[in-house]
Amino acid sequence: MSESIREILARPSAGGGVTIRGWLRTARHSKEVSFLEVSDGSCFSGIQVVAGPECHGFEETVRALGTGCAVEASGELVESPGSGQSFEIRASSVALVGGVGEDYPLQKKRHSLEFLRTVAHLRPRTNTLGAVLRVRNATARAIHDFFQQRGFIQIHSPIITLSDSEGAGDLFRVSTLDVENPPRDEEGRVDFRQDFFAAPAFLTVSGQLEAEIAALALSKVYTFGPTFRAEDSNTSRHLAEFWMVEPELAFCDLDGLGELAEAFLKQVFQRVREACPDDLEFFNKRIDDTVLATIAHVIEQPFERLRYSEAIEILEKCDRQFEFPVRWGLDLQSEHERFLSEEYFRRPVVVTHYPKAIKAFYMYLNDDEETVGALDVLVPKVGEIIGGSQREHRLEVLRRRIAELGLEEDRYWWYLDLRRHGSVPHAGFGLGFERLVQFMTGMANIRDVIPFPRVPGNAEF
RNA sequence: UCCCCGGUAGCUCAGCUGGUAGAGCAGGCGGCUGUUAACCGCCGGGUCGUAGGUUCAAGUCCUACCCGGGGAGCCA
């Protein structure tokens, strides 16, 4: 494999022959010389190829090149006399590998992100999406590194599931039945006993329950995989298909979970800042000029920790008028979360001990019998980025909670069984991977931090 | 799903109180001895989101629908 532009630009000094392959960002032609800016996606920067009449292919090829053309160029790596780059390639030959039509939609000029979504097959070639995909990659790697270094074992939780988990969101059905003419049972209802899995099946909304199973054997585990929600929600923070990171720890309580969440975010931010400095510089310059300061802040400042009750007090006492009411027992709204993290504390905030009525059945019931061991991490701009809890590991308490909420115990038989055999305190959280990338890059719309977004009414590409 | 805003050239937009569509960039051609989203000149390019309606006349006003954006709900 040939040397990437990233590797060439990282050379200690000029000199020597190089060959690069990539796509033209722009071509500047004057009478005796052409400047080609070539990118291969290996790093934010492209490399400048300078071709004159002595270059093989100058008249036939180089003069006709424009934005988008795929080329192969060979020559000598030299120090650039122009400002704007340290090295450039003095070309001895340039060959066209793949030309572009007159209707090639990408210009060297800035495009709107909305337009780029309509050409998702070409948008990775833009500065912005290229940077997003490199940061996304670095973030995924940093996540694996964090857990692997600490002895967490990755669990591959299933994509197809029969249970609807915590009942979170609407589910995508998985079926091989003929939708035009499904088999019916005696009462005329669709007979899923004849379906592929002999039961109604769905795409997973979370790997949590499976992670709990694994944690109660391997102690420290995590999942990192796609999840699916069929909610008709159309916002800049929601996708129908997104990736979720879910660590789960045995012998861990809520405090331990909060420490893990903070160490996790700090290290991931640190690693991505080390891996993608040019990309982050670009986001800070062109997308959101607070990105670098925010990243530094997350790495350096301790997170604020407070209980739900304290959060309510702060919100009640402040002189801000909120659209939605603030009262103990009501869930925090987006505006409340943003006020706390963006304005009041100006840093990530860890809120714990929520009222049991607004949280899921599996969360640990505190001694006050009113609150549960829930934990949310709120960050500026994005809002809730992590949601987690200490799990209820006491069989009788869990059965009571299931009954209180009117859930069917039968459907959770194996989840309950885990509490009958070797049950221990355990805790875990879920992190929306795209929201993390949004936070890192400052991208306003979640559809622009995933290469192929799935949203209501649109799954093209 | 709800509320608000928008849809005009390939892209980004302008088009006033209704009078029959324009700029920059992109594209094509030509010029320019080192450019940095290069620059200069010329040229081509539009059923103004769709369907109805009002009017002598609709890009402009009205209605419905479609698509996009922002916010909210739900959540990650």
Side-chain angles (χ1 to χ4, degrees), chain A residues 25-37 45-53 63-64 66-68 78 80-85 88 90 100-119 122 126-127 165-170 205-208 225-246 286 322-324 331-338 358-360 376-379 382-388 429-439 444-450 455-458 460:
Chain A
R25 282 296 163 73
T26 173
R28 295 180 285 271
H29 303 289
S30 61
K31 196 177 182 185
E32 295 291 324
V33 64
S34 286
F35 299 92
L36 311 176
E37 200 178 317
S45 174
I47 194 162
Q48 175 160 279
V49 174
V50 186
R63 308 305 278 174
T67 302
V78 298
S80 176
S83 61
Q85 61 279 321
E88 64 187 25
R90 188 186 295 141
V100 296
E102 283 179 22
D103 57 346
Y104 183 66
L106 298 183
Q107 312 167 179
K108 52 194 166 191
K109 210 179 127 189
R110 187 190 192 112
H111 287 288
S112 69
L113 294 166
E114 294 78 31
F115 169 69
L116 291 178
R117 275 174 226 146
T118 69
V119 288
L122 298 171
T126 62
N127 280 338
S165 190
E166 51 193 285
D170 297 325
V205 295
S206 163
Q208 181 196 318
T227 50
F228 308 87
R229 306 273 167 96
E231 291 279 346
D232 188 14
S233 60
N234 212 317
T235 82
S236 56
R237 297 181 306 282
H238 289 82
L239 291 165
E241 175 182 298
F242 64 100
W243 287 64
M244 193 144 66
V245 179
E246 295 177 286
R286 290 291 180 85
F322 293 111
E323 189 185 340
F324 291 91
D331 205 357
L332 299 179
Q333 302 292 317
S334 289
E335 56 172 347
H336 306 141
E337 296 179 345
R338 291 185 63 160
I358 58 174
K359 290 291 180 182
D376 284 359
V377 179
L378 314 177
V379 296
V382 178
E384 184 186 332
I385 195 169
I386 283 179
F429 65 73
L431 165 108
F433 180 62
E434 281 74 19
R435 288 193 182 169
L436 180 61
V437 177
Q438 261 192 294
F439 190 50
N445 196 311
I446 200 165
R447 297 167 196 207
D448 301 321
V449 297
I450 187 168
V455 295
N458 194 351
E460 207 181 358

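Excluded from the calculations below are hydrogen atoms, water molecules and symmetry mates; all remaining heavy atoms, backbone and side chain alike, are included. Residue numbers begin at 1 in each chain, while the letters A, B, ... track the order of the sequences.
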Would you name the heavy atoms of [X] and [Y] that are closest together and state the gap between them?
X	Y	result
A:G387	A:D376	CA-OD1, 3.6 Å
A:D170	A:E231	N-OE2, 3.5 Å
A:T67	A:Y104	O-CD2, 3.6 Å
A:M244	A:T227	CE-CG2, 3.8 Å
A:S80	A:Q85	OG-NE2, 2.9 Å
A:S236	A:A444	CB-O, 3.5 Å

For [N], which nucleotide is its Watson-Crick or G-U wobble mate, given both distances must be under 3.5 Å?
N	result
B:rG44	none
B:rG68	B:rC5
B:rC39	B:rG31
B:rG73	none

Rounding to the closest angstrom, what is the interatomic distance between [N] and [M] at atom [atom1]?
N	M	atom1	answer
B:rG15	B:rG22	C1'	7 Å
B:rG45	B:rA37	P	32 Å
B:rU8	B:rA58	C1'	14 Å
B:rC29	B:rC61	C1'	44 Å
B:rG31	B:rA23	C1'	24 Å
B:rG68	B:rG28	P	31 Å
B:rU60	B:rG18	C1'	6 Å
B:rC39	B:rA14	C1'	25 Å

Does A:S334 have any side chain to side chain contact (heavy atoms under 4.5 Å, CB included) partners at least two apart in sequence or in another chain, and if so, which?
-> A:R237
Taking only residues two or more places apart in sequence, or in another chain, which ones meet A:R286 in a side chain to side chain contact (heavy atoms under 4.5 Å, CB included)?
-> A:R110, A:F282
Hey, could you give me the CG/NE2 distance between A:N127 and A:H111, rounded to the nearest 0.5 Å?
-> 11.0 Å
Straight-line distance of A:T126 OG1 to A:L116 CG, nearest 0.5 Å | 5.5 Å
Any donor-acceptor pair under 3.5 Å from [X] side chain to [Y] backbone:
X	Y	value
A:E434	A:W243	yes
A:D232	A:N234	no
A:R229	A:V205	yes

Contacts under 3.5 Å, N or O only, protein and nucleotides 68-72 of chain B:
from: B:rG69; atom 1: OP1; to: A:R117; atom 2: NH1; distance (Å): 2.3
from: B:rG69; atom 1: OP2; to: A:R447; atom 2: NH1; distance (Å): 3.4
from: B:rG70; atom 1: OP2; to: A:N445; atom 2: ND2; distance (Å): 3.3
from: B:rG71; atom 1: OP2; to: A:S236; atom 2: OG; distance (Å): 3.3

Taking for each residue the nucleotide of RNA chain B with the nearest heavy atom, is it A:H238 or A:L106 whose nucleotide lies nearer the 5' end?
-> A:L106
Centres of the A:H336 and A:F324 rings: under 6.0 Å?
-> no
Please tabulate, one pair per line, each protein N/O and nucleotide N/O from nucleotides 5-10 of chain B that are separated by under 3.5 Å, including the distance.
from: B:rG10; atom 1: N2; to: A:Q107; atom 2: OE1; distance (Å): 2.4

Base B:rC32 paired with A:H29 side chain (donor-acceptor, <3.5 Å) = no
Over 12 non-hydrogen atoms of neighbours within 6.0 angstrom of CZ in A:R28 = yes
Base, sugar-phosphate alone, or nothing: which one does A:L436 contact when heavy atoms must sit under 4.0 Å apart?
-> nothing
Listed pairs, N/O of protein and of nucleotides 34-37 of chain B, under 3.5 Å:
from: B:rG34; atom 1: N1; to: A:E88; atom 2: OE2; distance (Å): 2.8
from: B:rG34; atom 1: N2; to: A:E88; atom 2: OE1; distance (Å): 2.7
from: B:rG34; atom 1: N2; to: A:E88; atom 2: OE2; distance (Å): 2.9
from: B:rU35; atom 1: O2'; to: A:R28; atom 2: NE; distance (Å): 3.1
from: B:rU35; atom 1: O2; to: A:R28; atom 2: NE; distance (Å): 2.7
from: B:rU35; atom 1: O2; to: A:R28; atom 2: NH2; distance (Å): 3.0
from: B:rU35; atom 1: O2; to: A:Q48; atom 2: OE1; distance (Å): 3.4
from: B:rU35; atom 1: N3; to: A:Q48; atom 2: OE1; distance (Å): 3.0
from: B:rU35; atom 1: N3; to: A:Q48; atom 2: NE2; distance (Å): 3.0
from: B:rU35; atom 1: O4; to: A:Q48; atom 2: NE2; distance (Å): 2.7
from: B:rU35; atom 1: O4; to: A:Q85; atom 2: NE2; distance (Å): 3.4
from: B:rU36; atom 1: O2; to: A:Q85; atom 2: OE1; distance (Å): 3.1
from: B:rU36; atom 1: N3; to: A:S83; atom 2: O; distance (Å): 2.7
from: B:rU36; atom 1: N3; to: A:Q85; atom 2: OE1; distance (Å): 3.4
from: B:rU36; atom 1: N3; to: A:Q85; atom 2: NE2; distance (Å): 3.3
from: B:rU36; atom 1: O4; to: A:S83; atom 2: N; distance (Å): 3.0
from: B:rU36; atom 1: O4; to: A:S83; atom 2: O; distance (Å): 2.9
from: B:rA37; atom 1: N1; to: A:R110; atom 2: N; distance (Å): 2.8
from: B:rA37; atom 1: N3; to: A:K108; atom 2: O; distance (Å): 2.9

Please produce a list of atom pairs where a protein N or O lies less than 3.5 Å from an N or O of nucleotides 41-45 of chain B.
none

